[in-house]
Structure formats: C-alpha cells, structure tokens
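Have a look at the structure below before the remarks.
The first residue in the sequence is number 1, and the count goes up from there.
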Amino acid sequence: MPFLPITKKEMLSLGWNEADFIIVTGDAYVDHPSFGTAIISRVLENEGFKVCIISQPRSDGDYMRFGKPRLAFLVNGGNIDSMVAHYTAAKKRRSDDAYTPGGKAGARPDRAVTVYCKKLRELFGDVNIAIGGIEASLRRFAHYDYWADTVKPSILIDSGADLLMYGMGEKHVAEIAHRLNGGERLQDLTDILGTCYKVKATDYVPVKGAKECPSFEMVKEPDEASKKQYAVSCRIQQAEQDATVGKVVIQKHGEYIVVQNPPMPPLTTEEMDRIYSLPFMRDYHPSYKALGGVPGIEEVKFSIIHNRGCFGACNFCSLAFHQGRQIAVRSHESVIDEAKKITQMPDFKGYIHDVGGPTANFRRTSCDKQLKSGLCPDKKCLAPQMCPAVKVTHSDYLKLLRELRALPKVKKVFIRSGIRFDYLIADSDEEFFKELVTHHVSGQLKVAPEHCSNNVLKYMGKPKIEVYNKFEKRFYELTKSIGKKQYLVPYLMSSHPGSTLKDAVELALFLKRNNLHPEQVQDFYPTPGTVSTCMFYTGLDPYTMEKVYVPRTPAEKAEQRALLQYFKPENRNFVLSALKKLGRYDLIGTGKNCLVADNKPTNKQNTAKQKPKKTIRNVHKKKK
C-alpha cells in the first residue's frame, strides 16, 4: 500500500478533491507501527476515510496545502514531547532531532500542539480540531511546565482544540470519525471514553461519582498552599487512570471546566492484531531520502512491539498516565507475521533487533483480580517490594521467542531493553532467564536499576537495590556457565526527588565497587504528568503529603551528575566540592577506595602510559 499523501499532487493523483481528515504532526512522516501518526492514519484509512498528512509545517502555505478537511484536523506533537525533543534536562538546546529529515533540530516549534492548533484556528476559523499523542495526553490537566517554571492550564484551554484524545488513540479516533461522518458535531462528542473536553461552567451537567481536582486557579501559584493543592490534584488524576474502575475527573479553569472521561479499555488481542496487520510501508516517506532520511527509523526498523502498558508504573515514567497499567498483547501469529515481513526486507541481515514494548517481559495482567476490580489505586505491583498477588510467568514470552528464532532467515532475536529484572528474578522457573542469556543478549543487556539508595528508589517507585544485586549476580553466573562474555548496562539517574548529595556519593561508590564507568547518565527530567514531576515542583510526596528533598540548584545537580562519572577529569572539581561539603575526605586521595585525587596529576603522570578505561560501552569487568 503506498504512503498516504503529504502533498496536494499526491492527493489529486488518488482522485481525491479533499481529505476527510488531515493529520498535522511534529514528526517527519514515517509509515511504521512504532510511530503514532502512522497507526492513526492507517486505522482511519482502514475505516474507509481519506487521510492526508502535514508534517512539520512552518509556513501558512504548509497548513493550507490540502485546504480544509471534510471532517477534522487531527494534531499531535510527534512521537516524543516537542519540548523534550528540543531541550536537555539542563534546558540546553539540542542540536539534533531523530524524528526530522537529516536529524536536524528546529523543524518543529516549542509546544508544537498548541502552536499548530492556534495557526489552524487563525487560518481556518471554526474548523474541527482534535488533539492527541504524548504531548497532549500528558497535558490534559493543569500541569507544571519545567521549561517555563510555571503551572500551565490544560492544553485544551491553551490550544483552543475542541477535543483531546489521551492514551493510545485507535478506538477513540475510529469512533470520532464515524460519528462526525454521521453528522454529529465534534463539540457534542462528550461521551467517548479516553477523551477530554471543555465546557462552560454554567453549562456543565454534573456526572454522578465524578472526582473533582483542585482548580487551575488553586494550583497555579508558586506558594506552599497552591503546591499542596497541586499534589492533591496529581493523586486524584493518577488514581483514576484505570480502565476498569476509573471515574470521570473534572478540573475548573476559570469560566470553563475540563472534563476527562474514564480511560478507553486497552485493545483486545484481536484488535491489536488487526492494527498491526495494516499495510505499513515500514519506512520513511521517500521524499526524505535526499535529505538524509529520518534517523528515528533505525532503532525500530527491525524491531517488533508485542505488548502495551506497564504495571511497573515507575514514578518518573509517563507510561502509566498515557498507556495505562493494564497489559495488552498481540497473538503469536500476529508477531510471527510481522517478523516474516521483516525477513523479506531487502536490507534485513538476519537480526531482529528487539521484541519488546514498554516492558518486554510482560505478557499478562499482574494479578487475577485486575480485569474485574482494576489495579490498586495507591499501591504498586512491584515496588518497594513485589505484591504477593502478582503472578510471575515467562512461559508465553519464551514460547514466542522460540517461534521467532525458528523462522527461516532469522539468525538472532535480541531483547535490547525493557526487561523488568525484578519480575524476572522473581520467576521460580529459570528457563526463560537461561534462554535470555544464551540466545537474546547482543553482548549487552540494558536494565534500569536507576539508583542504589533505597531511599531514592522509594521515591522513584523502584524495587530495592538488593533485588538488582540478586539479578546481577545470577546474570553473570549464567553467562559464565555458557562461556560467554556479556554485560549489563544499567540505566542510572541523578538528581531525582529524594536524592541528596549523600545518596549521590553512595551511588558513585556503588559504581566503583562494581567497576562501572557509565559513558552516559541521565539527570531527572521533570516532564508533565508524572508523579516525580509533582514531587519536583511541590516538594511533596502526593501519596503521603510528606516533604521530599529536591535537588534544585544547577550547582548541586552538576555535582550529583558528576559523581556518577567521578572518573572523568572534567568532573574532578565538582566531585571534590561535593565530597568536601559532606566531609568525606576519606574518599579523596589515591587509595583504592577513593573517588578522586586531591591534587592534579603531575606532568610526568600526565604523559605516562594510561590503561584504557573500562566503560560500560565496551568493557565491564565482572566481579570474581
């Protein structure tokens, strides 16, 4: 099936005079099921609608390329938040963008959804506009904006859009499309699950059982009272994101009320299979080839998504607030069919790069009561310790991987990321663990302990470090038993709420004891919609309302980050400063337990032959 039109010439060549829907997106057009625009456009096409795509518009002419759609504009900021695409955690402008032709930054505006909607309103007047994708989904209520350091209203208010789809939008958009086609007005579609709409407070009809968040006016001020109300609001919003028991949530914004309907139920296996069987081209639009292609395709071109949702629900992750905590899975047949298509691609070399999802090794609900009673609103399934009700099994995932390995033309099937090590190590049957180590690690396995301080891990919503230590020990035992050299690459985060300078030193010592030299580390990034961002802004744990220490100053954040890479010469002064503040002079010097020397190396030492560093990227010396 050809790519959908991105130019008027392409539209006219199909015999269309107008589009039913025009998708306006902050990404380049990549027709691959890892890209939201591709999925939504193919779903609508499959439902019988004509869809055109405006990618990264800049001029008025770009927006007006296809004229006015018959039914609606659908706007998204792209696969990732436009602000995250543009700025680092230190608010420095990025120089590249993986979702833009040639990888060049600057093709989309800051807060792309709002900018696109306002321009459409200016050019087309009272046209139907619905918004969705990660950028809109995470901003559906009043939210803290890290980049502006202020609380902003719901994106429905800011953008002027008529309707917001949150979560994974296939069911939402199909229902919206057919109802618009049947003659209903977009503003009247107030009963669709997984959507938010705004209504004048004077016209609002109360919904029985609805939960009301503190208003925008109550949470927007930077004072202690408002921040407490913001924390209350966060907890209410998080508690109602369960598709089984979630209720309507409302929040006043001046003369308007923003209404969130309960979440759309996750796709069934049959529904998910149908979506992934749609005729994706699995590549970027050919017009981008001369510009250097779209780098974002490289990570996913030979990868397969087999599930959605994550009941791990880490506090710093937006997945639970976007996709939800319930697990949806594809059938083995669907995954195998996609793998067969991949093997027919001309540049396939025999390696399936990943078979995963938000969490690779989840293929069922966390416990038996979930489907009837929903997930526990104020408890996590896996942290700080695993709930006794969790059913741990890898049998279905293992069977799927075996079927993939047996396919003709497939040399290796890798799992590159997304393994929940706590869930894995809790499985009393080691068959999957052994086959993971034997067949599915491409030299390195990425896992996410994130920190080693149990105090910090508590605020992250992660398991205790002892669980990771147990997993790590067994991983290397199994690796050694088959005579392979394979390594764990731990994701680590500095400056998360709850992390003191003392905790950062503890993490540096953990790295030193384990001979880990991470080449890259991640500062905590306060993105909209997460529990951790609420902690960062308010200084409160929204579940206990107790105060949480938050590293805020650029100096302390630089010191915490430097401690994770204490071995780098350019970090020496930051590390020295942190250690001296804490009185940890025992860690300054040249002893085996020290992190940094007190004096700069002499010229003789500088010119002496240096041993190569043992970095996570290339060497990870195992403990004896």
Side-chain angles (χ1 to χ4, degrees), residues 4 18-25 33 35-53 69-76 113 117 120 127-138 140 154-156 159 161-199 205 207 210 240-250 258-278 308-309 321-324 326 328 330:
L4 295 173
E18 65 177 353
D20 296 323
F21 291 95
I22 299 174
I23 296 178
V24 181
T25 178
F35 289 71
T37 291
I39 287 185
I40 295 302
S41 62
R42 290 299 185 186
V43 165
L44 287 169
E45 178 193 43
N46 190 59
E47 295 291 328
F49 295 99
K50 300 171 184 176
V51 185
C52 294
I53 295 167
R70 184 173 70 88
L71 296 175
F73 281 106
L74 305 175
V75 179
N76 70 74
V113 170
C117 288
L120 291 172
V127 67
N128 287 333
I129 302 175
I131 57 178
I134 192 77
E135 183 168 324
S137 185
L138 300 184
R140 55 193 186 264
S154 165
I155 196 170
L156 265 176
S159 69
D162 300 301
L163 193 70
L164 183 155
M165 294 172 277
Y166 69 92
M168 308 302 283
E170 298 95 343
K171 288 184 178 181
H172 323 43
V173 80
E175 182 174 351
I176 290 166
H178 285 294
R179 289 176 65 174
L180 288 177
N181 196 46
E184 293 186 63
R185 299 192 317 153
L186 186 59
Q187 295 88 338
D188 295 335
L189 302 184
T190 60
D191 60 343
I192 298 175
L193 296 176
T195 64
C196 301
Y197 62 94
K198 62 180 183 288
V199 60
V205 178
V207 178
E240 301 304 328
Q241 296 313 306
D242 187 277
T244 304
V245 297
K247 296 178 174 62
V248 168
V249 181
I250 67 172
V258 171
V259 184
Q260 175 189 274
N261 288 321
M264 180 69 76
L267 296 173
T268 65
T269 293
E270 293 75 18
E271 289 169 336
M272 205 165 171
D273 286 355
R274 281 198 297 273
I275 285 166
Y276 283 87
S277 70
L278 295 174
R308 287 183 182 176
F321 200 53
H322 182 60
Q323 287 194 13
Q326 291 187 6
R330 296 168 63 187

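- Remark: Glu135 pairs with no residue by the salt bridge (charged side-chain N to carboxylate O under 4.0 Å, His left out) rule, at least two apart or across chains.
- Between Phe21 and Glu45, the closest side-chain pair of non-hydrogen atoms is not below 4.5 Å.
- Phe35 pairs by the ring pair (Phe, Tyr, Trp, His ring centres under 6.0 Å) definition with Tyr99, not counting sequence neighbours.
- The residue from Gln323, Gln326, Arg330 that alone fulfils the side chain to side chain contact (heavy atoms under 4.5 Å, CB included) condition with Arg308 is Gln323.
- The two residues Leu267 and Ile275 make their nearest non-hydrogen contact at CD1-CD1, 3.5 Å.
- The CG atom of Leu189 lies 5.5 Å from the CD atom of Glu184; values are rounded to the nearest 0.5 Å.
- Note: Ile176 CD1 to Asn128 CG = 10.5 Å, rounded to the nearest 0.5 Å.
- Under the rule for a salt bridge (charged side-chain N to carboxylate O under 4.0 Å, His left out), the partners of Asp20 that lie at least two apart in sequence or sit in another chain are Arg70.
- Counting heavy atoms from C-beta on, the side chains of Lys50 and Leu4 never come closer than 4.5 Å.
- By the ring pair (Phe, Tyr, Trp, His ring centres under 6.0 Å) test, Phe73 is found to be paired with Phe124, residues two or more places apart in sequence or in another chain being considered.
- By the 4.5 Å heavy-atom criterion applied to side chains, Pro33 and Tyr276 are counted as neighbours.
- Between the side chains of Thr195 and Gln260, not a single donor N or O lies within less than 3.5 Å of an accepting N or O.
- In this structure, the side chains of Ile250 and Val258 stay at 4.5 Å or more apart for every pair of heavy atoms.
- To the nearest 0.5 Å, atom CG of residue Leu164 and atom CD1 of residue Ile131 are 4.0 Å apart.
- Among all heavy-atom pairs drawn from Ala19 and Cys52, the shortest one is CB-SG, 3.7 Å.
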*asked:* Evaluate Glu175 against Arg179 for salt bridge (Lys or Arg N to Asp or Glu O under 4.0 Å), listing each step before the verdict.
replied: CA-CA 6 Å; Glu175 182 174 351; Arg179 289 176 65 174; 3.0 Å; yes
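- The distance from the NZ atom of Lys198 to the CD1 atom of Ile155 is 11.0 Å, given to the nearest 0.5 Å.
- In this structure Asp162 satisfies the salt bridge (charged side-chain N to carboxylate O under 4.0 Å, His left out) test together with Arg121, sequence neighbours excluded.
- Salt bridge annotation for Lys247-Asp242: absent, with no cationic side-chain nitrogen under 4.0 angstrom from a carboxylate oxygen.
- Counting heavy atoms from C-beta on, the side chains of Val24 and Leu74 never come closer than 4.5 Å.
- Evaluation of the salt bridge (charged side-chain N to carboxylate O under 4.0 Å, His left out) rule for Lys171 yields Glu271 as partners, not counting sequence neighbours.
- Taking 4.5 Å as the limit, every side-chain heavy atom of Tyr166 sits out of range of all side-chain heavy atoms of Leu138.
- Counting only heavy atoms from C-beta outward, the side chains of Asn261 and Tyr197 approach each other to under 4.5 Å.
- Taking all atoms of both residues into account, the shortest heavy-atom contact from Glu170 to Ile40 is N-CD1, 4.0 Å.
- Going from atom CG of Leu180 over to atom CG of Leu71 covers 5.5 Å, rounded to the nearest 0.5 Å.
- In this structure a side-chain-to-backbone donor-acceptor pair under 3.5 Å is missing from Ser137 to Ile134.
- Side-chain contact between Val259 and Cys196 is absent, with no heavy atoms from C-beta onward closer than 4.5 Å.
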